[in-house]
Amino acid sequence: MTRGARLAAALLGAILLSALLAPWLAPADPRAQGALESLIWQPPSAAHPLGTDSAARDVLSRLLHGGRATLGIALLAVTVSMSLGSCIGAVAAVARGPLDALLMRVTDAFIAFPRLLLLLLVVAGVGHPGNAAFAVLLGATGWMTTARLVRQETRRLLATDHVRGARAVGVPWPRLVARHVLPALAPTLAAAATFAFATAVPLEAGLSYLGLGVLPPAPSWGNILADADARPLAHWWLVFFPAVAIAVTVVSANVLAETVARRAGAIDADRGEDEA
């Protein structure tokens with residue numbers, strides 16, 4: 001692993017750990033309001049290291065707890081999208097024929113429709129479904145790339161000699177996929193999941209910023225940004241700190257994903273040489 005990848009892993013690990021330990025690290029209740037007349041819009045100080053917002057709430061506490069919301073929703077969304085995409089891609093690769101064609105046409109239809117527009121239509125149309133359902137909705141609109149990747153890689157693996165040998169001796173399809181295909185796909189799926197996580201974090205933050213994600217007074221990185229109101233330069237701390245958290249998380253996840261993808265490519269190349 002390169003120095004950059006180690007740094008990215010350390011930063012991402014620190015961010016995830018701080019979100020996990022937010023109830024113990026946060027100096028105050030993230031929803032508790034202070035004295036509105038004297039503590040609103042306070043810049044960073046010794047009493048409030050990251051300042052306060054329009055309701056005199058401590059921004060450091062909200063940033064830590066907001067990380068729990070943003071990262072938790074992103075992780076659940078990635079779990080849903082990877083599970084759906086893997087199942088659809090594997091079924092399409094194994095089934096072939098009309099079922100394969102049908103699944104790929106459905107995938108193409110979802111790809112053709114802008115994901116953000118679909119999310120806006122659903123959330124705006126039915127109202128906010130709650131954080132867990134919101135995460136599932138994010139995942140249910142982001143499985144298509146995984147489905148195509150799994151379909152392509154599964155077809156390649158099904159053509160290898162050891163999988164053909166297993167098929168020749170009558171190994172059932174479910175066991176064949178579980179024992180011979182999915183373990184070989186693990187590095188590729190890990191890279192895809194990390195890329196998906198890097199996409200889900202700013203997507204959740206953007207929707208929360210628009211008021212369609214995590215709803216105040218519950219904190220998330222997106223609605224902390226929205227607290228800057230119409231004066232982002234005057235209330236710069238409400239923009240700077242959550243923006244840095246989002247940027248560091250996304251960049252670190254992308255660096256790790258690229259590292260895992262390169263290693264997965266090297267593993268596939270080694271397997272190809274061994275089989276040759």
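Index from 1, following the sequence. All values reported here derive from a predicted model rather than from experimental measurement.
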Enquirer: Examine Leu71 and Trp24 and state if one hydrophobic cluster contains both, with Ile, Leu, Val, Met, Phe, Trp and Tyr joined whenever side-chain heavy atoms are less than 4.5 Å apart.
Expert: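 Same cluster: Leu71 reaches Trp24 through Ile, Leu, Val, Met, Phe, Trp or Tyr contacts under 4.5 Å.
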Enquirer: Give the minimum heavy-atom separation between Leu238 and Asp227, together with the two atoms involved.
Expert: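 The answer is CD1-O, 3.5 Å.
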Enquirer: Heavy atoms, side chains only, cut-off 4.5 Å: are Val201 and Ile73 in contact?
Expert: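 Val201 does not reach Ile73 side chain to side chain.
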Enquirer: Report all side-chain donor-acceptor pairs from residues 84-93 shorter than 3.5 Å, counting only partners two or more places apart or in another chain.
Expert:
| unit_1 | atom_1 | unit_2 | atom_2 | d |
| --- | --- | --- | --- | --- |
| Ser86 | OG | Met82 | O | 2.7 |

Enquirer: State, to 0.1 Å, how close Pro219 and Pro30 come at their nearest heavy-atom pair, and which atoms those are.
Expert: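 Here Pro219 and Pro30 meet closest at CG-CB, 4.1 Å.
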Enquirer: Is there side-chain contact between Val94 and Leu158, with at least one heavy-atom pair below 4.5 Å?
Expert: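 Contact flag for Val94/Leu158 side chains = yes.
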Enquirer: List for me each residue that meets side-chain hydrogen bond (donor to acceptor under 3.5 Å, both in side chains) alongside Asp58, sequence neighbours excluded, and say none if there are none.
Expert: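 Asp58 satisfies side-chain hydrogen bond (donor to acceptor under 3.5 Å, both in side chains) with His48, Ser61 only.
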Enquirer: For residues 13-21, please give each side-chain donor-acceptor pair under 3.5 Å, one per line with the distance, not counting sequence neighbours.
Expert:
| unit_1 | atom_1 | unit_2 | atom_2 | d |
| --- | --- | --- | --- | --- |
| Ser18 | OG | Ala14 | O | 3.3 |
| Ser18 | OG | Ile15 | O | 2.8 |

Enquirer: Enumerate the residue pairs fulfilling salt bridge (Lys or Arg N to Asp or Glu O under 4.0 Å) with a member in residues 82-101, sequence neighbours excluded, ordered by first and then second residue.
Expert: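 Residue pairs with at least one partner in residues 82-101: Asp100-Arg151, Asp100-Arg155.
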Enquirer: Could you note down all residue pairs passing salt bridge (Lys or Arg N to Asp or Glu O under 4.0 Å) where residues 107-129 supplies at least one of them, sequence neighbours left out?
Expert: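 Output for this query lists Arg105-Asp108, Asp108-Arg148.
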Enquirer: Between Glu204 and Thr70, is any side-chain donor less than 3.5 angstrom from a side-chain acceptor?
Expert: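 There is such a pair between these side chains.
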Enquirer: Using every non-hydrogen atom in the two residues, find where Ile40 and Thr52 come nearest and quote the distance to one decimal.
Expert: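 Minimum heavy-atom separation between Ile40 and Thr52: C-OG1, 3.8 Å.
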Enquirer: So, taking the atom named CG in Leu157 and the one named CD in Gln152, what distance separates them when rounded to the nearest 0.5 Å?
Expert: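 Rounded to the nearest 0.5 Å, the CG-CD separation comes out at 10.5 Å.
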Enquirer: To the nearest 0.5 angstrom, please state how far the CG atom of Leu185 sits from the CG atom of Leu149.
Expert: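 Rounded to the nearest 0.5 Å, the CG-CG separation comes to 7.5 Å.
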Enquirer: Hey, what's the ring geometry for Phe241 with Trp236, parallel, tilted or perpendicular (30° and 60° as the breaks)?
Expert: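 Geometry flag for Trp236 against Phe241: tilted rings.
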Enquirer: Return the minimal non-hydrogen interatomic distance between Ala140 and Val80, and the atom names on each side.
Expert: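 Reported closest heavy-atom pair: N-CG1, 4.0 Å.
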Enquirer: Once salt bridge (Lys or Arg N to Asp or Glu O under 4.0 Å) is applied, do any residues pair with Asp29, and if so which ones, sequence neighbours excluded?
Expert: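 For Asp29 there are no salt bridge (Lys or Arg N to Asp or Glu O under 4.0 Å) partners, ignoring immediate neighbours.
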Enquirer: Distance from Ile111 atom CD1 to Thr145 atom OG1, nearest 0.5 Å?
Expert: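 The CD1 atom of Ile111 sits 5.5 Å away from the OG1 atom of Thr145.
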Enquirer: Who are the salt bridge (Lys or Arg N to Asp or Glu O under 4.0 Å) partners of Arg68, not counting sequence neighbours?
Expert: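 Checked Arg68 against salt bridge (Lys or Arg N to Asp or Glu O under 4.0 Å); zero matches.
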Enquirer: Measure the CG-CG distance between Leu12 and Asn254 for me, rounded to the nearest 0.5 Å.
Expert: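 Taking CG in Leu12 and CG in Asn254, the distance rounds to 10.5 Å.
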Enquirer: Determine, using the 4.5 Å side-chain heavy-atom cutoff (strictly less than), whether Leu203 and Phe197 are members of one ILVMFWY cluster.
Expert: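 Linked, Leu203 and Phe197 end up in one cluster.
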Enquirer: In Å, rounded to the nearest 0.5 Å, how long is the span from OG of Ser208 to CZ of Phe134?
Expert: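 If I round to the nearest 0.5 Å, the distance is 5.5 Å.
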Enquirer: According to a hydrophobic-cluster definition based on side-chain heavy atoms being under 4.5 Å apart (Ile, Leu, Val, Met, Phe, Trp, Tyr only), do Val244 and Val239 belong together?
Expert: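 Hydrophobic grouping puts Val244 with Val239.
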Enquirer: Going by the rule salt bridge (Lys or Arg N to Asp or Glu O under 4.0 Å), which residues pair with Asp53 if we only count those two or more places apart in sequence or in a different chain?
Expert: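 Scan of Asp53 (salt bridge (Lys or Arg N to Asp or Glu O under 4.0 Å), adjacent residues dropped) gives Arg57, Arg62.
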Enquirer: Could you tell me whether the side chain of Thr160 and the main chain of Arg156 form a donor-acceptor pair under 3.5 Å?
Expert: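 No; judged by distance alone, with no hydrogens or angles, the pair does not exist.
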Enquirer: Test of understanding: clusters of I, L, V, M, F, W, Y form through side-chain heavy atoms closer than 4.5 Å, transitively. Do Phe195 and Leu11 belong to the same one?
Expert: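 Hydrophobic grouping puts Phe195 apart from Leu11.
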Enquirer: On a heavy-atom basis, which atom in Val260 and which in Ala190 lie closest, and how many Å separate them?
Expert: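 Heavy atoms only, the tightest pair is CG1-CB, 4.0 Å.
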Enquirer: List for me each residue that meets salt bridge (Lys or Arg N to Asp or Glu O under 4.0 Å) alongside Arg164, sequence neighbours excluded, and say none if there are none.
Expert: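 Expected list: none.
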Enquirer: Surrounding OH of Tyr209 (heavy atoms of other residues, nucleotides or ligands, distance under 6.0 Å), is the total greater than 12?
Expert: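 Open: at most 12 neighbouring heavy atoms sit under 6.0 Å from OH of Tyr209.
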Enquirer: Which pairs, with at least one residue in residues 79-118 and sequence neighbours excluded, count as a ring pair (Phe, Tyr, Trp, His ring centres under 6.0 Å)?
Expert: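 Checked against ring pair (Phe, Tyr, Trp, His ring centres under 6.0 Å) - neighbours excluded - the pairs reaching residues 79-118 are Phe110-Trp143.
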Enquirer: To the nearest 0.5 Å, what is the distance between CG (Leu117) and CG (Leu121)?
Expert: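 Reported to 0.5 Å precision, the distance equals 4.5 Å.
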Enquirer: Which pair of non-hydrogen atoms, one from Gly67 and one from Trp221, has the smallest distance, and what is that distance?
Expert: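 Between these two residues, the closest heavy atoms are N-NE1, 3.3 Å.
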Enquirer: Using a side-chain heavy atom cutoff under 4.5 Å and only I, L, V, M, F, W and Y, what cluster partners does Val251 have?
Expert: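 Val255, which link up through side-chain heavy atoms under 4.5 Å apart, make up the rest of the cluster.
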Enquirer: Name all pairs fulfilling the salt bridge (Lys or Arg N to Asp or Glu O under 4.0 Å) condition that reach into residues 125-135, sequence neighbours left out, sorted by first residue then second.
Expert: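 Passing the test, one end in residues 125-135: no pairs.
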Enquirer: Is there a donor-acceptor pair under 3.5 Å between the side chain of Thr141 and the backbone N or O of Leu138?
Expert: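 A pair under 3.5 Å: yes.
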